[in-house]
Amino acid sequence: MSFLSKLYKRQWRLRIFAVLASLIATLLFTLPATSSFPTTRDKFQWPFSSTSIWNMPLGSGARYIPAKIQKAGRILSDDEHFFQVNTADPKRPVYANGSWTQRCSGSNFLNFYLPIPDSLIVPDATLEPYSTPNNVSAFLMPDGQTLVQLSPLARCVQGGPIYGQRYSPDVNIYGQGIGGAHFGSGLSSIGGSIRKGELTGSQPIRHTLKLLLWAKKYLYYSASVPGYRWPADRADSYAATTYGGTNPALVEGTLLAIPPFMSESTLQLKTPAAKKIFHALQDYGGYVVDDAAWDAHYIAMEKGVTDEFRQAYGYEFNTSTGVFYEDMMRIFQNLYIINNNGPNSIGGGGSRRRAPLAPPIGN
C-alpha cells in the first residue's frame, strides 16, 4: 500500500472517530439521565403543572445574550415561609401591614382569616440592626389546592392577628402558578423556591430558581420598557426613579441562565452547593423576582434551608467571603439572559434537551 493510501485511510478513520465522538457528546448533552428521575411528586414540595414556568427546562431554541452581572458584596438567601394549614388550627384575622418597618401596627382588616397555630411567630422588621426581610409566604389551604400568598408576613404575638399584603387572585397549586407575593414582579411566593433538602440532598434541583438583583445597578426602566417583562406583571412602584440598569432586556421577570457551553470546571467551582445551583441555572434558569435593594445577590429559598446548609457544610450560605462566596459570584457573573422567553416559548422554546418535564403530581 502506498504512503498516500495509508495516509488517506488514517484520515478517514480520524473523521469517523470525530463523528462518533461528536455524536456521543451530543447524546450526553441532550438525553436526560432518567434512571433516578422520580415518577411522581408531592404538590406542596414541587408545586404546579409540568408546563408551569417554574418547572419547564430550558429549550433548544433559547437565545442567550450576556447579562453582564458583576460581583456583588454578598450572596444571601431571601427566606420564604410556607405552610399547609388545616381546619383544626384557630382562625386568626389578617391585616395589611402598618408599614415596611412596623408591620404589626396595621389596622386595615383584609376581610379574611387564616387557620394558624397560635404558637407561630414571624418577627417584625427592626431598625437596629436594620432588618426588613421580604418574608414572602404561601399558605396551602385545607381544600388542598388553594394557595393564599402574603408579603411581608409578620405575626408578633402568639395567638394574635397575622399581617401581610395579599396577592390576588389566589392560585391553584395544580395550575400554572405564575403570580404571587413577590410584589416587585408579581411572581410566585412558592414556585421556584429552593426547598429543604435540595441543597444538601443527593438529587439535583429540578426546577427554575428565583433571583434578586440590585435594581439601582441592573434593572432597566423607560417609558417603553417599564421595568418588567413576561411573566412579571409589574415593577416596583419606585422603578421610574430608582432602576438604573442600561440593558432593556434585564428587568423584573427576566429569565437568566448559564449557557450550555460552560461547565463546573470552566467556572472553577469547588463547593457542592454551588455546583447544584449551577446545574439548576443551566438546566432551568432563574427568574428575577425582586429588588435586592443593595449590593447583594439573593436566591429565594424556604425558611430553614440555610440552617440545613450550615449543618451539612460547616459554613454559612449568607456570606461575603470564602470559597462558596467566590463560587456564587462566578455563577452570577456568567449568567445570560434568555431573550426569547415568552408565553409561547417558555425557556426559549424548542425541544427540552436539558431535563425531563416534571412528573405528575401524586397527591
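Positions are given from 1, in the same order as the sequence printed here.
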Pair [X]-[Y], side-chain donor/acceptor within less than 3.5 Å:
{"X": "H81", "Y": "E302", "value": "no"}
{"X": "T146", "Y": "D143", "value": "yes"}
{"X": "S151", "Y": "N134", "value": "no"}
{"X": "W230", "Y": "N341", "value": "no"}
{"X": "N318", "Y": "R310", "value": "no"}
{"X": "Y238", "Y": "D291", "value": "yes"}
{"X": "Q158", "Y": "S119", "value": "no"}

To the nearest 0.5 Å, what is the distance between [atom1] on [X] and [atom2] on [Y]?
{"X": "Y287", "Y": "I53", "atom1": "OH", "atom2": "CD1", "value": "4.5 Å"}
{"X": "R166", "Y": "Y95", "atom1": "CZ", "atom2": "OH", "value": "15.0 Å"}
{"X": "I65", "Y": "K68", "atom1": "CD1", "atom2": "NZ", "value": "9.5 Å"}
{"X": "L267", "Y": "M262", "atom1": "CG", "atom2": "CE", "value": "6.0 Å"}
{"X": "I338", "Y": "I346", "atom1": "CD1", "atom2": "CD1", "value": "13.5 Å"}
{"X": "D78", "Y": "L212", "atom1": "CG", "atom2": "CG", "value": "4.5 Å"}

D118/R92 ion pair, N-O < 4.0 Å: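 A salt bridge links D118 with R92.
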Contact summary for [X] and [Y], nearest pair of heavy atoms:
{"X": "G73", "Y": "S320", "result": "O-CB, 3.1 Å"}
{"X": "P117", "Y": "R155", "result": "O-NH1, 2.9 Å"}
{"X": "D290", "Y": "E252", "result": "N-OE1, 3.2 Å"}
{"X": "L199", "Y": "V305", "result": "CD1-CG1, 3.9 Å"}
{"X": "A358", "Y": "S50", "result": "O-OG, 2.6 Å"}
{"X": "S137", "Y": "S189", "result": "O-OG, 3.1 Å"}

When you look at H279 and E264, which way does the side chain to side chain donor-acceptor pair (under 3.5 Å) test go after all the steps? CA-CA 9 Å; H279 287 291; E264 294 176 9; 2.6 Å; yes
Looking at [X], I want to see if its [atom1] is surrounded by more than 12 non-hydrogen atoms of other residues, nucleotides or ligands under 6.0 Å.
{"X": "K217", "atom1": "NZ", "result": "yes"}
{"X": "K43", "atom1": "NZ", "result": "yes"}
{"X": "K91", "atom1": "NZ", "result": "no"}

Check whether [X] reaches the backbone of [Y] with its side chain - one donor and one acceptor, N or O, closer than 3.5 Å.
{"X": "S188", "Y": "I190", "result": "yes"}
{"X": "N340", "Y": "R63", "result": "yes"}
{"X": "E308", "Y": "G197", "result": "yes"}

Could you walk me through whether S351 and S60 pass the side chain to side chain donor-acceptor pair (under 3.5 Å) check? CA-CA 5 Å; S351 59; S60 60; 3.1 Å; yes
So, do [X] and [Y] have ring centers that fall under 6.0 Å from each other?
{"X": "Y315", "Y": "F309", "answer": "yes"}
{"X": "Y220", "Y": "Y243", "answer": "no"}
{"X": "Y284", "Y": "W54", "answer": "no"}

Could you give me the CA-CA distance, side-chain angles and deciding distance for Y174 and F48, then say whether ring pair (Phe, Tyr, Trp, His ring centres under 6.0 Å) is met? CA-CA 5 Å; Y174 297 100; F48 305 127; 9.7 Å; no
Does R195 make a cation-pi contact with F44, if we ask for NZ or CZ under 6.0 Å from the ring centre and within 45° of the axis?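 Yes, R195 lies over the aromatic ring of F44.
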Salt bridge (charged side-chain N to carboxylate O under 4.0 Å, His left out) evaluation trace for E80 with K210: CA-CA 11 Å; E80 303 169 323; K210 292 183 296 195; 2.9 Å; yes
Under the criterion side chain to side chain contact (heavy atoms under 4.5 Å, CB included), I'd like the reasoning laid out for Y113 against I162: C-alpha separation, chi angles, the key distance, then a yes or no. CA-CA 9 Å; Y113 296 80; I162 301 146; over 6 Å; no
Only one of Q45, H207, R206 forms a side-chain hydrogen bond (donor to acceptor under 3.5 Å, both in side chains) with E198, so which one is it?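 It is H207, the one option of Q45, H207, R206 that forms the side-chain hydrogen bond (donor to acceptor under 3.5 Å, both in side chains) with E198.
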Carefully, step by step, assess T51 and Q176 under the rule side chain to side chain donor-acceptor pair (under 3.5 Å). CA-CA 7 Å; T51 57; Q176 293 297 309; 3.2 Å; yes
